[in-house]
Amino acid sequence: MRAIRIEIEVCVTEQQGRDAEGYDFQAIQDRWLPVWDELKPFEVDTAGAAAQSGERPKKYVLDMFPYPSGDLHMGHAEAFCFGDVLARYWRGQGYDVLHPIGWDSFGLPAENAAIKRGVDPREWTYANIAQQKASFRIYAPSFDWSRVLHTSDPEYYRWNQWLFLKMYEKGLAYRKASWVNWDPVDQTVLANEQVLADGTSERSGAVVVKKKLTQWYFRITDYADRLLDDLDALEGQWPAKVLNMQRNWIGRSRGAEVEFEIEGREQKVPVFTTRPDTLHGATFMVVAPDSDLAAELAEGASEEARAAFRDYLAATQKQTEIERQSADREKTGVFLDHFAVNPVNGERIPVWASDYVLADYGHGAIMAVPAHDQRDLDFALKFELPVRVVVDVRDADGAPLPDPAESGVATAGEGVLVNSGELDGLPKTEAIARAVEVLEERGTGRAATTYRLRDWLISRQRYWGTPIPILHHENGEMRPVDADALPVELPASEGLDLKPKGASPLGAATEWATVVDPETGDTWTRDPDTMDTFVDSSWYYLRFLSSNDATQAFDPAAVNAWGPIDQYAGGVEHAILHLLYSRFITKVLHDLGYLEFDEPFTALLNQGMVLQDGAKMSKSKGNLVEFASELKAHGADALRVTLAFAGPPEDDIDWADVSVQGSAKFLARAWRIADDVQGAGAPRGASFAEGDAGLRRATHRLLADAPGLVEAYKFNVVVARLMEQVNVTRKAIDSGAGVADAAVRESAEAIAVILSLFAPYAAEDMWAKLGYEPSVALVEWPKADESLLVEDEVTMVVQVDGKVRDRLTLPASVSEADAEAAARASAAVQRAIGDRQIVNVIVRVPKIVSIATKPAA
RNA sequence: CCCCCCAUAGCCCAACUGGCAGAGGCAGCCGACUUAAAAUCGGCACAGUCAGGGUUCGAAUCCCUGUGGGGGGACCA
């Protein structure tokens with residue numbers, strides 16, 4: 001294995017040596033990197049009046065900023081390739097493009113690496129950032145390097161703290177005791193969004209357990225409706241998949257809240273249901289065993305019932321999320337020795353506790369309608385509770401479905417209400433509306449909506465994050481850190497035990513944590529938790545407009561002139577997490593008056609993953625393709641072209657399916673055209689008008705089509721079109737118009753300009769060979785000449801009964817009548833028609849004539 | 001169980017959104033160059049669009065059903 005690798009490298013080296021006069025990516029990279037370092041072609045002024053006047057069109061193009069866990073990998077290569085194609089494209093269309101870069105540099109990997117190796121998380125983090133910066137420099141995305149930010153810099157996270165305090169002021173940040181997701185490996189709490197569907201942590205992979213803890217939350221549920229409804233406006237601009245995921249995640253459910261009286265209890269119990277129409281079929285009530293209500297009811301129950309409940313609750317809490325979620329579990333539960341009163345018919349119904357009811361959804365209690373809800377039916381059959389049909393549901397043939405009590409299958413479908421008093425005879429939808437009216441009239445219920453979305457748990461019991469700027473008094477009082485005392489800087493990690501142990505390491509930094517009020521002499525203690533790093537990334541895009549501003553989080557004027565992001569690019573793994581949080585914070589900042597817009601990302605491109613042999617690359621699987629070695633072996637251009645050409649950007653790329661050599665070959669062919677023109681071609685500034693018409697048409701067709709293709713993210717097609725253009729230009733040089741023809745120069749220039757989206761080095765070198773100054777990245781695209789696009793002659797197809805029977809060469813401007821006449825005159829067409837009778841002729845000039853026939857009468 | 005997306009040459013992928021199934025690449029084959037190979041250059045071949053039904057003069061494209069794959073949600077009331 002080792003030997004083969006060396007041999008290959010030797011081959012490559014020899015090849016480079018031999019091609020010294022030809023295309024040599026290494027020499028080209030070495031030539032242009034220092035020039036670009038000097039030129040800084042992508043720095044933009046966002047603060048000046050001109051930049052904010054809107055006189056020149058702007059585009060804010062952003063790639064999701066990287067986490068500095070080691071060097072860049074192929075995933076980064078792909079993501080930043082696509083974002084850069086778009087940034088470069090808009091520059092070529094005459095836009096002022098802001099394309100910044102930064103690092104999402106707080107987070108657990110740094111801390112875990114620090115624990116493992118006994119180094120400061122800072123050192124590890126900033127060393128990795130330096131390495132990634134160096135790799136980026138060679139990979140050469142068109143970043144504005146003047147506005148780099150790192151979220152772990154105090155100058156950044158001080159504004160994170162500012163944001164937290166703004167949220168706190170508005171009541172959007174609060175502390176509560178609740179059952180939370182606890183990661184037993186990383187020893188910290190997690191937000192709901194960080195727990196995977198299988199109940200494991202998205203970070204550590206550990207099975208998440210539930211703990212009751214007091215934690216900080218952001219009140220994202222206040223924004224649930226807006227976060228859901230505003231997705232509609234992103235339709236077509238965001239991938240359908242992400243919109244679908246966000247909608248599912250927010251999970252709005254409309255129905256009604258019904259008040260049930262419980263015998264022997266003053267307060268009524270509210271219950272959420274999507275089917276208020278089936279209230280007459282509610283034959284029992286179920287409450288979540290871990291809810292306060294269950295505990296309270298058990299308290300007032302018989303000794304026996306109380307004991308049974310205690311055992312049941314203990315058993316429930318021992319289960320992991322995975323056990324709890326496993327499909328078709330046998331229903332379990334205990335009778336709570338209480339009865340509720342059905343508000344519509346006064347019926348006395350038993351109250352049970354069962355773990356199929358969740359404490360934190362709705363009100364933690366349900367009305368059970370076993371006839372029309374499978375879960376309730378399973379429970380009713382297990383514990384021999386009554387089942388009453390209140391909706392007459394029929395099958396497709398109109399026959400009544402079997403009685404659920406007999407069949408064991410609940411009937412949840414459409415039907416007409418029965419046994420339901422005033423609702424009898426109404427179809428389901430109308431019955432729901434009427435039921436809500438009745439409840440409201442009687443004051444026993446109202447229309448209501450619930451959400452799957454939970455408030456965002458933002459505190460973490462770890463070191464490497466933004467300290468929460470809150471002080472605690474021993475009397476339980478809390479107060480925010482004064483704005484002028486920000487940032488609350490992290491204490492040095494030296495001397496702190498960073499090992500996960502369930503409590504924040506900051507709590508042990510006694511000197512740091514203790515604050516004495518100079519006026520009162522009172523002692524306060526700093527909140528020991530740090531913020532979820534998704535807080536950091538929820539607003540970083542605003543900071544880029546003024547990343548060096550020490551006086552404010554962001555400059556509202558600049559942000560409103562340049563925001564929102566016109567084009568965001570990144571991985572689908574953030575479909576919910578980052579994108580939802582960022583949308584939320586943007587809406588909050590909008591409501592606080594800082595932002596004119598309330599959606600952060602106008603258009604979103606999700607790139608797929610880079611796989612190897614059908615599997616995600618990983619060291620443990622041994623299928624890792626190293627970005628650094630690929631970059632060294634093939635150069636930045638060939639890598640970028642390969643990634644862009646592999647397929648639609650949102651599809652996964654299997655590295656086994658693509659050919660970097662193929663891309664290198666294409667680049668060499670493209671480059672040689674400029675080389676040929678430099679040697680013997682038309683001079684710079686030559687008039688193209690006299691050039692070869694056929695080649696010119698191809699060039700202008702490319703210029704006409706490329707913008708639409710780029711804007712539709714069809715980068716693979718643009719590269720294919722460039723390959724085609726290189727092929728026809730080669731042909732023109734070798735066996736056509738010849739290298740001196742002006743059309744060849746025109747084509748070479750167009751290739752260089754469009755190629756610069758994908759292969760900035762090769763394109764820059766071509767541009768220089770064509771006699772121009774750097775940088776090609778700043779050149780506005782030549783416009784397609786419409787007059788060159790029209791063909792004089794076209795091939796028109798004639799179909800008879802759907803089959804192609806002839807192809808006619810006709811003037812492009814042919815009239816419908818002439819086209820039809822020509823079609824009818826064709827011998828092949830006449831043969832196909834034979835003695836059949838023509839019933840219809842459809843003419844679409846200049847493409848097709850379609851003749852429909854029937855047998856002669 | 002519910003929702004969303006996808007299926008085109010051996011492989012990766014195009015097809016102006018209803019109008020000749022093929023742009024591009026990989027792999028393959030033939031030829032040129034070479035002592036030979038690699039590289040390079042020139043050329044060739046390859047599928048009727050997952051299956052079935054429907055709408056239409058005309059369907060890869062629209063509709064229905066199914067199969068296969070990917071993703072999301074899910075004891076959510």
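Reminder, nothing fancy here: chain letters follow the sequence lines and each chain counts from 1. Hydrogens, waters and symmetry mates play no part in the numbers below; they use all other heavy atoms, side chains included.
Between A/Tyr361 atom OH and B/rG73 atom C1' the separation is 12 Å, expressed in whole Å. Note: CZ (A/Arg454) to C1' (B/rG73) measures 14 Å, nearest angstrom. Distance A/Leu196 CG to B/rG71 P: 13 Å, rounded to the nearest Å. The CG-P distance, from A/Leu667 to B/rG25, rounds to 13 Å in whole Å. Between the CG atom of A/Asp806 and the P atom of B/rG19 there is a distance of 21 Å, given to the nearest Å. Protein atom CD of A/Glu820 is 21 Å distant from nucleotide atom P of B/rG19, rounded to whole Å. Taking atom CD of residue A/Glu193 and atom C1' of nucleotide B/rG72, one finds them 14 Å apart after rounding to whole Å. As a whole-Å value, the separation of A/Gln246 CD from B/rG73 P is 12 Å.
Look at B/rU17: its glycosidic torsion is within 90° of 0, and that puts it in the syn range. With its glycosidic angle more than 90° from 0, B/rG66 adopts the anti conformation.
Using a 4.0 Å heavy-atom cutoff across all strands shown, A/Thr795 reaches at least one base atom of the nucleic acid.
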Discussion item. Set out, in order, the CA-CA distance, both residues' side-chain angles and the distance that settles salt bridge (charged side-chain N to carboxylate O under 4.0 Å, His left out) for A/Lys331 and A/Asp376, then state yes or no.
Written reply: CA-CA 9 Å; A/Lys331 289 280 180 292; A/Asp376 297 343; over 6 Å; no

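Judged by distance alone, with hydrogens and angles left aside, the side-chain atoms of A/Lys854 form no donor-acceptor pair with the main-chain N or O of A/Gln837 at under 3.5 Å. Side chain of A/Asp355 to backbone of A/Thr316: no donor-acceptor contact under 3.5 angstrom is found. No donor-acceptor distance shorter than 3.5 angstrom exists from the side chain of A/Gln799 to the backbone of A/Asp806, with no hydrogens or angles considered.
Using atom P as the reference point in both B/rC62 and B/rG69, the two lie 23 Å apart (nearest Å). Here the separation of B/rU65 from B/rU55, taken at their C1' atoms, is 15 Å to the nearest Å. Comparing the P positions of B/rC12 and B/rC75 gives a spacing of 36 Å, expressed to the nearest Å. Using atom P as the reference point in both B/rC33 and B/rA38, the two lie 15 Å apart (nearest Å). Nucleotides B/rA9 and B/rG48 are separated by 9 Å at their P atoms, to the nearest Å. Look at the P atom in both B/rC46 and B/rG24: the space between them is 16 Å, to the nearest Å. The separation of B/rU8 from B/rA21, taken at their C1' atoms, amounts to 8 Å, rounded to a whole angstrom. Nucleotides B/rG19 and B/rG66 are separated by 28 Å at their P atoms, to the nearest Å.
For A/Phe715, the ring pair (Phe, Tyr, Trp, His ring centres under 6.0 Å) test picks out A/Phe82, with sequence neighbours left out. Scored by the side chain to side chain contact (heavy atoms under 4.5 Å, CB included) test, A/Ser253 finds A/Phe272, A/Thr274, A/Tyr361, A/Thr450 as partners (sequence neighbours excluded). Qualifying side chain to side chain donor-acceptor pair (under 3.5 Å) partners for A/Asn716, counting only residues two or more places apart in sequence or in other chains: none. Partners of A/Ala380 according to the side chain to side chain contact (heavy atoms under 4.5 Å, CB included) rule, which considers only residues two or more places apart in sequence or in another chain, are A/Phe284, A/Pro370, A/Leu385, A/Val387. Under the rule for a side chain to side chain contact (heavy atoms under 4.5 Å, CB included), the partners of A/Pro707 that lie at least two apart in sequence or sit in another chain are A/Tyr89, A/Glu711, A/Trp781. A search for ring pair (Phe, Tyr, Trp, His ring centres under 6.0 Å) contacts involving A/Phe758 returns nothing, not counting sequence neighbours.
The neighbour count for A/Lys382 NZ, taken as heavy atoms of other residues, nucleotides or ligands under 6.0 Å away, is above 12.
Between A/Asn181 and A/Gln194, every side-chain heavy-atom pair lies at or beyond the 4.5 Å cut-off.
Which of B/rG72, B/rC75, B/rA77 sits closest to the side chain of A/Met245 comes down to B/rG72.
In this entry B/rU40 has B/rA32 as its Watson-Crick or G-U wobble partner, both defining distances falling under 3.5 Å. With a 3.5 Å ceiling on both atom-pair distances, the Watson-Crick or G-U wobble partner of B/rC1 is B/rG73. Under the Watson-Crick and G-U wobble criteria, each requiring two contacts below 3.5 Å, nucleotide B/rA59 is left unpaired. Base pairing of B/rU17: no nucleotide in any strand meets the Watson-Crick or G-U wobble criterion (both distances under 3.5 Å). With a 3.5 Å ceiling on both atom-pair distances, the Watson-Crick or G-U wobble partner of B/rU67 is B/rA7.
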Discussion item. Treating primed atoms plus P, OP1 and OP2 as sugar-phosphate and everything else as base, which nucleotides of nucleotides 57-63 of chain B get B, S or - for protein heavy atoms under 4.0 Å?
Written reply: B------

Worksheet item: How would nucleotides 1-13 of chain B be written as a contact map, 5' to 3', with B for base contact, S for sugar-phosphate-only contact and - for no contact, using protein heavy atoms under 4.0 Å?
Response: --BS------SSS

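Of the residues in residues 278-287 of chain A, not one comes within less than 4.0 Å of RNA chain B through any heavy atom. Taking every heavy atom of residues 249-257 of chain A and every atom of RNA chain B, pairs under 4.0 Å involve A/Trp249, A/Ser253, by number.
Between A/Met723 and A/Val804, the one whose closest nucleotide on RNA chain B sits nearer the 5' end is A/Val804. Take the nearest nucleotide of RNA chain B for A/Gly662 and for A/Thr273: the residue whose nucleotide is more 5' is A/Gly662.
Salt bridge A/Asp360/A/Lys210: absent, no basic N to carboxylate O contact under 4.0 Å. Between A/Arg454 and A/Glu193 there is no salt bridge, since no side-chain nitrogen of the basic residue lies less than 4.0 Å from a carboxylate oxygen of the acidic one. Under a 4.0 Å N-O distance rule, the pair A/Asp277/A/Lys428 does not qualify as a salt bridge. Remark: A/Asp676 does not engage A/Arg672 in a salt bridge, criterion side-chain N to carboxylate O under 4.0 Å.
The aromatic rings of A/Trp352 and A/Phe379 lie perpendicular to each other, with more than 60° between the two planes, well past the 30° mark.
Counting only residues at least two apart or on different chains, the side chain to side chain donor-acceptor pair (under 3.5 Å) pairs with a member in residues 235-244 of chain A are A/Glu235-A/Arg247.
The side-chain tip of A/Lys268 does not point at the ring of A/Phe260 from less than 6.0 angstrom away and within 45° of straight on.
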Using nucleotides 40-44 of chain B, report all nitrogen or oxygen pairs with the protein that are shorter than 3.5 Å.
{"residue": "B/rC41", "atom": "OP1", "partner": "A/Arg669", "partner atom": "NH1", "Å": "2.8"}

